[in-house]
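What follows is a set of notes on a single structure, which appears directly below.
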Number of protein chains: 2
Amino acid sequence: MTAGSLPEPPVTDLLDSVLHPVRGHHAFEACVERLATAIRLGVYPLGTTLPSERDLAIRLGVSRATLREAIAALREAGFVETRRGRGGGTVVTQKPKTPAGRAAVRVTAAKRRAWLDALDFRRVVEPGAAALAAERELTDGQREQLEQALADVNEARKPAEHRQADSRLHLTVAALSASPRLIEAVTSVQASLHEMLLAIPVLDRNIAHSDRQHARIVRSVLNGQPTRARRAMEDHCDDTAALLRGLL
Amino acid sequence: MTAGSLPEPPVTDLLDSVLHPVRGHHAFEACVERLATAIRLGVYPLGTTLPSERDLAIRLGVSRATLREAIAALREAGFVETRRGRGGGTVVTQKPKTPAGRAAVRVTAAKRRAWLDALDFRRVVEPGAAALAAERELTDGQREQLEQALADVNEARKPAEHRQADSRLHLTVAALSASPRLIEAVTSVQASLHEMLLAIPVLDRNIAHSDRQHARIVRSVLNGQPTRARRAMEDHCDDTAALLRGLL
DNA sequence: TAAATTCGGTATGAACTCAGACCTTTATCC
DNA sequence: GGATAAAGGTCTGAGTTCATACCGAATTTA
C-alpha cells in the first residue's frame, strides 16, 4: 500500500457508531411491537377502542394490509378483540400484567446493556421534556389532562394499574413538551422501562416517595418553572435508576 | 350507543402522538440518506474509503443488494467512486459543500417545523451527551481524539471545512458518552442542523465565539466536570439556535 | 510466478409490502 | 323501513427487499 498518500482513516472506533441499522424489523413486526407497547403502557387502557384500521395505517406509515396482519397477531395473542360494522373496531381486552404474572424474560447480555443505556438516555430526555413542558403556554385542557394523569397515579391501587398510570403520566409530560422527537424518545424509553419492571419485580415500598416526586414534577410544570421541573424529574429518574441498577 | 358503559376514550389529543410512523422511507432511500449524511458530516472525509459493501450492509441492517443500489445512487450523484479488486472499495470524492454552492432548498412548512423541533431536541440531547461524556473515565486515546477534533475545528479555514469539523467534534463528544441512543440522537440532530445551515447561509462573524465555546466544552469534558460541560453545551446550543431561529 | 484473499459485480427466487378497489356487516338518521 | 355512513374483510398485481449463491478483478503472499 502506498502509505502516506492516503488520508488518515477517520476515527473509526468512535464515529462508526453513526451507522446504526436503518430500521429494526419488518414493518409487520414493528407495528405489532408499537401497538403492544402502546397498550401495555396504557395509552389505550383496557376497554378502549383503537383508532380505525385506515387511520392507524396512516399514522404508523404502513399499508392497511400490513397493519391488519399486525392486529391479527395482537388478536391471537389476546391483546384485543375486533367487532365489525359501524361503531365496531378493535378494543383492548388485555388486563395490565403484573410482574409476577409473567414468565421471567431471559436477560441476555445484550438486553442488559440496552437496559442500562435506556436508563442513561432517560436521565437525559425525560428531564429535558419536563423542562420544555414547563416553558410552554398550556391550555386549560392540557393542564387538566396533566392533573388527571397525576390523580390516576395516586388513585391506582393494584401494582399493574399503578405502572400503567405512571407511564401515562410520563408520556403526558412528554406530550406537553410538544416536541415530536422528544415524545418519541420518551415513548421508547418508557417501553424499555416497562420491560425492565416486568422482568425485575421491584418492591413497592417506595411508591409514596415516587408519588411525591410526581407531584413535584407536575406542580413545577403547571407553574411554568422549567428549572425546578427538570430538577424534579432528574431526581425521580435517579431514584428509579438506582433501584433498577441495583437489581441488574 | 350505550353511552356511559364504555370507558372514557384516552386523552387522544396528547397521547396519540405516540403513534409515529414505523419507518420513514424505503430501505434504499434510508441508506442513501444515511450515507450521504455521514459523508456530509465528515464522518468519512474526502479521500477516505468507506467500509466494504458486506460490512456496510450488516451495519445498516440491510441486504447487500439494497446497499449496492444506494451506493450506485451516491456514485451517480458524484459523492463517491468505486474501485474493484482487493484493496478496492468506495472512496469519497465529494468536496464539502458550502452554503452558497448549493441551490436553495425549498423550505416547506413541514420542514420548517421539523427544523424548529430539531433545535429543541438538540438543546436536550447534546448537553446531556456532554455531561455524560464528562462523567466517563476516558482512555488516553479518547482524550486525544477529542483534542484532535477540537484542533481540527480551530484550524479549519474554509467555511465548508469548518462546518464538517464542527459536526465531527459534536459527534465525538456524543460518542464519548458511550450511549448508543444518545449517539443516534445527536447524529440525527446534526444531520438536521447541517441541512439548515446549507439552506440558510449564516454569517461567519461568530466563529471565534463558537470556537471559544467549543474549547470550554472540551475542557470541561476532559476535566470530568459534568455540570460545567452541560452548561457550556447549553450555551453553545442556545447561541446557534437563536441565530437560526432568527433566520427562519 | 502461483495461490489465496478481499474486494466489487451479477443473478435468482422467495418473502414482504404497498396501493387501491370492492364487499360485508352494523349502527344511525330520516 | 330504507338510505347512509363507518367500520372491518378480501382480493390482486406491482414493486421492494432479502438471502444466498457464484463470477471477475486486483492485491498480497508464499
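All values below come from the heavy atoms of this structure, side chains included, with hydrogens, waters and symmetry mates left out. Within every chain, numbering begins at 1; the chains are lettered A, B, ... in the order of the sequence lines, protein sequences first and strands thereafter.
- Rounded to whole Å, the distance from CD1 on B:Ile71 to P on C:dG9 is 8 Å.
- Listed pair A:Ser52 / D:dA6 fails the phosphate criterion, with no side-chain N or O lying under 4.0 Å from OP1 or OP2.
- Going from atom CG of A:Leu60 over to atom P of C:dA19 covers 13 Å, rounded to whole Å.
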Response to the item:
Scoring nucleotides 21-26 of chain C by protein non-hydrogen atoms under 4.0 Å (B base, S sugar-phosphate only, - none) yields BB--BB
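- The two residues B:Ala70 and B:Cys31 make their nearest non-hydrogen contact at CB-CB, 3.6 Å.
- Under the 3.5 Å distance criterion, the side-chain polar atoms of A:Glu53 are left unmatched by any main-chain donor or acceptor of A:Arg68.
- Atom CD in B:Glu69 sits about 13 Å away from atom C1' in C:dA11, given to the nearest Å.
- OP1 or OP2 of D:dT17 has at least one side-chain nitrogen or oxygen of B:His26 nearer than 4.0 Å.
- Across the protein-nucleic acid pair, B:Arg83 atom CZ and D:dT27 atom P stand 8 Å apart, rounded to whole Å.
- Residues passing the ring pair (Phe, Tyr, Trp, His ring centres under 6.0 Å) test with A:His194: none are found, sequence neighbours excluded.
- Using a distance-only test at 3.5 Å, with no hydrogens or angles considered, no donor-acceptor pair links the side chain of A:Arg83 to the main chain of A:Gly89.
- Contact annotation for A:Arg68: base contact, defined as any heavy-atom pair under 4.0 Å involving a base atom.
- Of the possible polar contacts, none joining the A:Gln190 side chain to the A:Ala185 backbone as a donor-acceptor pair under 3.5 Å is found.
- Taking atom CG of A:Leu67 as the reference point, atom P of D:dA7 lies 14 Å away to the nearest angstrom.
- Considering only residues two or more places apart in sequence or on other chains, B:Arg136 meets the salt bridge (charged side-chain N to carboxylate O under 4.0 Å, His left out) condition with A:Asp120.
- Close to C:dC18, at under 4.0 Å from its OP1 or OP2, lies a side-chain N or O of A:Thr66.
- Summary of the strand contacts: B:Arg75 and A:Ala65 both lie near DNA chain C, and taking for each the nucleotide with the nearest heavy atom, the more 5' one is attributed to B:Arg75.
- Relative to the side chain of A:Val62, the nucleotides D:dG8, C:dC18, D:dC18 differ in distance, and C:dC18 lies closest.
- Using a cutoff of 4.0 Å between basic side-chain nitrogens and carboxylate oxygens, B:Glu195 and B:Arg40 are not scored as salt-bridged.
- The distance from atom CZ of B:Phe28 to atom P of C:dC18 is 17 Å, rounded to the nearest whole Å.
- Between A:Glu81 atom CD and D:dG8 atom C1' there is a gap of 15 Å when expressed in whole angstrom units.
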